[in-house]
Amino acid sequence: MPQHVQIKRVYDAPQRGDGYRVLIDRLWPRGITKEELGHDAWLKDLAPSPELRKWFCHKAEHWDRFRDGYQTELRTPEQRARMKDLIHAAGKKKITLLYAAKDDKHNHALILADELNGLY
């Protein structure tokens, strides 16, 4: 199955092939201006709930429970509708999810990308 969604840190420079760039953090990333980010949308409602984000606290030992909790949040009808709206807004462009977390193996962008790719 082709991957229609990719992820990048907000601190990585925009690339020509990024397509539709979407910030998916609930909080604006530190040290980045809106102009520097070069994004098409900020969909903070697709980020994990504040309670889940604070509990996770970017601790790798919490990863499995965080992933399960976030997947549960993303599978509600409201979140499914938001994801479908995102896919529609991107049109034929690739979607690049932008996140600020330092850990590239334990972050919500990985989970959201999988969920979005599953909707294509």
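Heads up: numbering here begins at 1 and tracks the sequence. Not measured: the values here are computed from a predicted model.
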When you measure from the side chain of [X] to the backbone of [Y], do you find a donor-acceptor pair of N or O atoms at a distance under 3.5 Å?
{"X": "Asn107", "Y": "Ala101", "answer": "no"}
{"X": "Arg21", "Y": "Gly38", "answer": "yes"}
{"X": "Asn117", "Y": "Ala113", "answer": "yes"}
{"X": "Arg26", "Y": "Ala47", "answer": "yes"}
{"X": "Gln6", "Y": "Leu97", "answer": "no"}
{"X": "Lys8", "Y": "Ala13", "answer": "yes"}
{"X": "Thr96", "Y": "Asp18", "answer": "yes"}

Are the side chains of [Y] and [X] in contact, using a 4.5 Å heavy-atom criterion?
{"X": "Val22", "Y": "Trp42", "value": "no"}
{"X": "Ile7", "Y": "Tyr99", "value": "yes"}
{"X": "His58", "Y": "Lys102", "value": "no"}
{"X": "Pro48", "Y": "Phe66", "value": "yes"}
{"X": "His4", "Y": "Lys94", "value": "no"}

Nearest-0.5 Å distance, [atom1] of residue [X] to [atom2] of residue [Y]:
{"X": "Arg67", "Y": "Thr72", "atom1": "CZ", "atom2": "OG1", "value": "11.0 Å"}
{"X": "Leu43", "Y": "Leu23", "atom1": "CG", "atom2": "CG", "value": "8.5 Å"}
{"X": "Leu46", "Y": "Asp25", "atom1": "CG", "atom2": "CG", "value": "11.5 Å"}
{"X": "Asp85", "Y": "Arg82", "atom1": "CG", "atom2": "CZ", "value": "9.0 Å"}
{"X": "Gln71", "Y": "Gln79", "atom1": "CD", "atom2": "CD", "value": "13.5 Å"}
{"X": "Glu73", "Y": "Ile111", "atom1": "CD", "atom2": "CD1", "value": "10.0 Å"}

Checklist line | Arg65 atom CZ, neighbour heavy-atom count above 12 within 6.0 Å | finding: no
Margin query: We want to know whether His106 and Asp103 form a side-chain donor-acceptor pair, criterion being a heavy-atom distance below 3.5 angstrom.
Written below: yes
What's the shortest heavy-atom distance between [X] and [Y], and which atoms?
{"X": "Met83", "Y": "Leu112", "value": "SD-CD1, 3.7 Å"}
{"X": "Ile95", "Y": "Ala90", "value": "CG1-CB, 3.5 Å"}
{"X": "Val10", "Y": "Pro29", "value": "CG2-CB, 3.7 Å"}

Next item on the list: Answer with yes or no whether the hydrophobic clustering places Leu27 together with Ile32; edges join I, L, V, M, F, W, Y residues whose side-chain heavy atoms lie under 4.5 Å apart.
Entry: no
Next item on the list: Check the hydrophobic clustering (I, L, V, M, F, W, Y; side-chain heavy atoms under 4.5 Å; chains of links allowed) and say if Trp63 and Ile24 are grouped together.
Entry: yes
Notebook entry, point to check: Do the numbers put Lys44 on top of the ring of Trp28, so that NZ or CZ is under 6.0 Å from the six-membered ring centre and no more than 45° off the axis?
Noted result: no
Notebook entry, point to check: Parallel under 30°, tilted from 30 to 60°, perpendicular over 60°: which one fits the rings of Tyr70 and His108?
Noted result: perpendicular
